[in-house]
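Numbers here simply count residues along the sequence, with the first being 1.
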Amino acid sequence: MSHEHVSNTKRIWTVFGLLSLITTVEVGFGIVRPDALYMNTFVSMSLLNWLFIILTLVKAYYIVWAFMHMEGEKKALRNAVVYPLLFLVCYLLFILLTEGDYVFGVFKNSTIKWNF
């Protein structure tokens with residue numbers, strides 16, 4: 001009994017194309033920095049930074065989905081992998097926003113100067 005090898009060349013190129021497209025969009029926004037996104041804030045961070053975070057999370061999810069073969073797994077295993085990551089990302093974003101805003105407030109409202 002032999003097992004037939006199936007070529008995934010089309011799938012690999014599709015993943016490559018999608019990840020390249022998202023990366024190109026991120027780099028383009030980083031170079032252009034539109035004022036509509038850069039000058040407006042939401043929860044103490046510019047909309048451009050939120051866009052970068054969201055696009056990076058989309059790329060990370062798609063990498064896990066495609067290269068860790070999660071699309072073929074049972075729902076319980078997918079949830080066991082994805083839910084802790086979602087919790088960790090939300091927790092890290094909370095720490096980033098809270099501590100970053102605190103440090104900004106300390107430097108803005110005190111005699112300590114921006115020397116970096």
Side-chain angles (χ1 to χ4, degrees):
M1 190 191 272
S2 66
H3 185 354
E4 183 179 330
H5 178 71
V6 177
S7 177
N8 287 327
T9 306
K10 182 180 178 193
R11 184 168 183 268
I12 290 170
W13 281 108
T14 304
V15 171
F16 173 74
L18 182 67
L19 294 177
S20 296
L21 178 70
I22 294 173
T23 302
T24 304
V25 168
E26 284 179 330
V27 170
F29 275 122
I31 292 171
V32 174
R33 280 180 35 176
D35 287 339
L37 295 174
Y38 182 65
M39 300 307 260
N40 295 323
T41 60
F42 177 71
V43 191
S44 302
M45 201 163 54
S46 75
L47 293 177
L48 187 62
N49 287 344
W50 281 111
L51 180 70
F52 288 146
I53 289 171
I54 291 168
L55 288 176
T56 302
L57 289 175
V58 168
K59 283 195 313 186
Y61 180 79
Y62 196 68
I63 288 169
V64 169
W65 186 260
F67 293 119
M68 293 178 67
H69 308 287
M70 286 303 214
E71 72 271 15
E73 297 297 336
K74 294 187 178 194
K75 188 176 181 178
L77 179 62
R78 286 194 310 243
N79 292 341
V81 171
V82 171
Y83 287 163
L85 289 174
L86 287 175
F87 173 75
L88 180 64
V89 166
C90 291
Y91 178 67
L92 290 175
L93 280 174
F94 170 76
I95 290 174
L96 172 89
L97 294 174
T98 304
E99 295 299 321
D101 192 45
Y102 171 76
V103 170
F104 179 75
V106 166
F107 280 109
K108 181 179 177 185
N109 300 323
S110 70
T111 58
I112 300 173
K113 299 296 178 198
W114 294 91
N115 59 0
F116 49 88

*Other cluster members, I31 - Ile/Leu/Val/Met/Phe/Trp/Tyr, side-chain contacts below 4.5 Å*: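 In the cluster with I31 are V27.
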*Output the rest of the hydrophobic cluster of L21: all Ile, Leu, Val, Met, Phe, Trp and Tyr residues reachable through side-chain heavy-atom contacts under 4.5 Å, sorted by chain and number.*
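Answer for L21: none, a lone residue.
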*Write out all pairs satisfying salt bridge (charged side-chain N to carboxylate O under 4.0 Å, His left out) with one or both partners inside residues 39-49, taking only residues at least two apart or from two chains.*
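Checked against salt bridge (charged side-chain N to carboxylate O under 4.0 Å, His left out) - neighbours excluded - no pair reaches residues 39-49.
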*For T9, all residues meeting side-chain hydrogen bond (donor to acceptor under 3.5 Å, both in side chains), sequence neighbours excluded*: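 If we apply the side-chain hydrogen bond (donor to acceptor under 3.5 Å, both in side chains) test to T9, skipping adjacent residues, the hits are S7.
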*Any idea which heavy atoms bring L19 and T23 closest together, and the distance?*
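For L19 versus T23, the nearest heavy atoms are O-OG1, 2.8 Å.
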*Could you tell me which non-hydrogen atom of E73 sits nearest to which non-hydrogen atom of L77, and how far apart they are?*
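Shortest heavy-atom separation between E73 and L77 comes out as OE1-CD2, 3.4 Å.
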*Is there a path from I12 to M70 through hydrophobic residues (I, L, V, M, F, W, Y) whose side chains come within less than 4.5 Å of each other?*
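I12 does not cluster with M70.
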_hydrophobic_cluster_shared for V32 and I53, side chain cutoff 4.5 Å_ =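 No, I53 and V32 fall in different hydrophobic clusters.
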Only counting residues at least two apart or in another chain, list the ones meeting side-chain contact (heavy atoms from CB on, under 4.5 Å) with [X].
| X | value |
| --- | --- |
| F42 | L47, W50 |
| K74 | none |
| M39 | D35 |
| L18 | I22, Y62 |

Table please: side-chain donor-acceptor pairs of residues 79-94 below 3.5 Å, with sequence neighbours left out.
{"from": "N79", "atom 1": "ND2", "to": "K75", "atom 2": "O", "distance (Å)": "3.4"}

*May I have all residue pairs that pass ring-ring contact (aromatic ring centres under 6.0 Å, His included) and include part of residues 6-35, sequence neighbours excluded?*
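Of all non-adjacent pairs touching residues 6-35, those that pass ring-ring contact (aromatic ring centres under 6.0 Å, His included) are W13-F16.
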_For E26, all residues meeting salt bridge (charged side-chain N to carboxylate O under 4.0 Å, His left out), sequence neighbours excluded_ =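 K59.
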*Would you please name every residue forming a salt bridge (charged side-chain N to carboxylate O under 4.0 Å, His left out) with E71, sequence neighbours left out?*
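Only R11 meet the salt bridge (charged side-chain N to carboxylate O under 4.0 Å, His left out) criterion with E71.
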